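All figures in this text were calculated on a predicted structure; none of them were measured in a lab. Convention: sequence-line order gives letters A, B, ...; per-chain numbering from 1.
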There are 2 protein chains.
Amino acid sequence: MKEKKSYSLSLANKKDFNNINEWVYQTLRTSIMCGEIRPGVALTIRGLAEKLDVSSMPVREALRRLASESAVDITDSRRVVVPLISPDKFKELFSLRILLETHAAELALPYISGSHIEELKALDEAVDASYSDGNIVSGSLANQAFHRYIYKQNPVQVCMPMIESLWLQLGPFARVALSKIEKYYEYDRHKEAIDAIQQRDAFALRRAIEADIRDGLSVFKNIDKIYQDLKSS
Amino acid sequence: MKEKKSYSLSLANKKDFNNINEWVYQTLRTSIMCGEIRPGVALTIRGLAEKLDVSSMPVREALRRLASESAVDITDSRRVVVPLISPDKFKELFSLRILLETHAAELALPYISGSHIEELKALDEAVDASYSDGNIVSGSLANQAFHRYIYKQNPVQVCMPMIESLWLQLGPFARVALSKIEKYYEYDRHKEAIDAIQQRDAFALRRAIEADIRDGLSVFKNIDKIYQDLKSS
DNA sequence: AATTATATTATGTGATCACAATTTTAGAAT
DNA sequence: ATTCTAAAATTGTGATCACATAATATAATT
């Protein structure tokens, strides 16, 4: 058996899920989202199965599910790989984030009440706390939790899976790119979003969400150079 | 063995695909899209496997993939069902179609050249031919082919899987709903879209696509009543 | 006759296995 | 040293099986 680089794969206890395949899926998903699995390296079913101490079956199902969310690529030779996306695609993913998330926020607004706003403030504080700790990964996850909490209030859920897919596609590249950037500041427009919600101002909410996403993109200024470096490595 | 209602499942030869699971997926997908599988009836792995003359494995993978595209629901008791979507959700799916497809069309425009326009005209004629034959299913598929051909010209492909997912979610309900409508006229704005493309007018193209989708929605006027009928049956 | 309790059948899930295709390694030839 | 070739190891795929759970049918009770 060959020695392999070990990326920690842990989430919650396997027993907490009624299906093992669901647990495997969630574990791999967060692992990809957080950039623990580097773009380009091939994932093998047996390898993951052994690492997670399950049979190959749940791994296969999880990988196919991730493939249909564009989180992994299945090449012609049937190898599974976390793709390294091009700068063009990266920017397009951000365009779609703006398109879908402003839409989702506006539709969710009528369903957000006082108690939800308290929760949003708490979630926003969690974001700030993570970033001031310098923890990029948990900050990013907390940021997603903030956004998700808004959109989820809409009882008609069609956007959310698509938005999740966008986040998932952006995750790996964003993570490796951020590690190349020596220093950056993480702004967010969560306060403005909360204000807009409290004043029930749909347009202001859209603006806040859009600005928040744009700020997120602006961190990746020299993205083309980063991409070239990553591709050659 | 109990007698079961038989819906024809056929697409292309199983051998034409390098993977059986891919063939199973495509077969089930078109079957759902065309409304051959009625919303609400439970799909069993073994049942489909027997009907398609494959083992349960490729069926399982196909069903999970369809579930992650929201084409089927997996209930708490792990039954797989084509969902009957609510009128609100139906309308929201159309909103998202407009949002994503106008965006996709605009981004694709710079990549559409003369030869593509000839192909588009041919595809449009195929749509008209199907509808004048009164063949709703092939007309709908031809219509999708027309739209897909436009969006696909963009080398950066991120929208297309999402749009396909929207079409897939709309398919079953649209099909059963159409069968309840005694007579309707199928307008389309494909000529206007082609004109806009030839004049390289992005805004006009957006308008044509949006109008085309809205026309499609307008067919379902009494959608709430149809939904009530379907739910009780 | 309706309802509850029990037994039986179906069904989804995860594991294991054989086989073909791919990848990797090792060796040979230039 | 480099390139090409053959052998070995690895890997994805599809099939089959055991087991637990859910759905259905049957029997019993009121």
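Taken to the nearest 0.5 Å, the CZ atom of A:Arg29 stands 6.0 Å off from the CD atom of A:Glu69. The line from CD1 of A:Ile226 to CZ of A:Phe220 is 7.5 Å long, rounded to the nearest 0.5 Å.
One interatomic measurement links the two molecules: CE of A:Met57 to C1' of D:dC17, which rounds to 11 Å at whole-angstrom precision. C:dT13 atom P lies 9 Å from atom CG of A:Asn18, rounded to whole Å. Atom pair B:Glu50:CD and C:dT11:C1' shows a separation of 13 Å (rounding to whole Å applied). The nearest whole Å value for the distance from the CD1 atom in B:Ile45 to the P atom in D:dA22 is 15 Å. As a whole-Å value, the separation of A:Ile74 CD1 from D:dT13 C1' is 12 Å. Residue B:Glu61 contributes atom CD, which lies 11 Å from atom P of D:dA15 at whole-angstrom precision. Between the P atom of C:dG14 and the CG atom of A:Leu63 lies a distance of 14 Å, rounded to the nearest Å.
In this structure, B:Asn19 does not reach the D:dG12 phosphate: none of its side-chain N or O atoms is under 4.0 Å from OP1 or OP2. The side chain of B:Ser55 contributes an N or O atom lying less than 4.0 Å from OP1 or OP2 of D:dA15. A:Arg60 has no side-chain polar atom (N or O) that falls below the 4.0 Å cut-off from OP1 or OP2 of C:dA15.
The shortest side-chain heavy-atom distance between A:Phe90 and A:Leu217 falls under the 4.5 Å cut-off.
Every residue was checked against the salt bridge (Lys or Arg N to Asp or Glu O under 4.0 Å) condition with A:Arg46, not counting sequence neighbours, and none meets it.
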For nucleotides 18-23 of chain C, just jot down a letter per nucleotide in 5' to 3' order: B, S or -, based on protein non-hydrogen atoms under 4.0 Å.
-> B---SS
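Using the six-membered ring where Trp is involved, A:His190 and A:His147 have ring planes that are perpendicular, over 60° apart on the 30 and 60° scheme.
Between B:Tyr151 and B:Glu101, the side chains place a donor N or O and an acceptor N or O closer than 3.5 Å (distance only, hydrogens not considered).
Heavy-atom nearest nucleotides on DNA chain C were determined for A:Ser56 and for B:Arg64, and the one closer to the 5' end corresponds to B:Arg64.
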Carefully, step by step, assess A:Arg175 and A:Ser140 under the rule side chain to side chain contact (heavy atoms under 4.5 Å, CB included).
-> CA-CA 10 Å; A:Arg175 205 49 36 84; A:Ser140 173; 3.3 Å; yes
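Nearest nucleotide to the side chain of A:Thr44, out of D:dT11, C:dG12, C:dG14: D:dT11.
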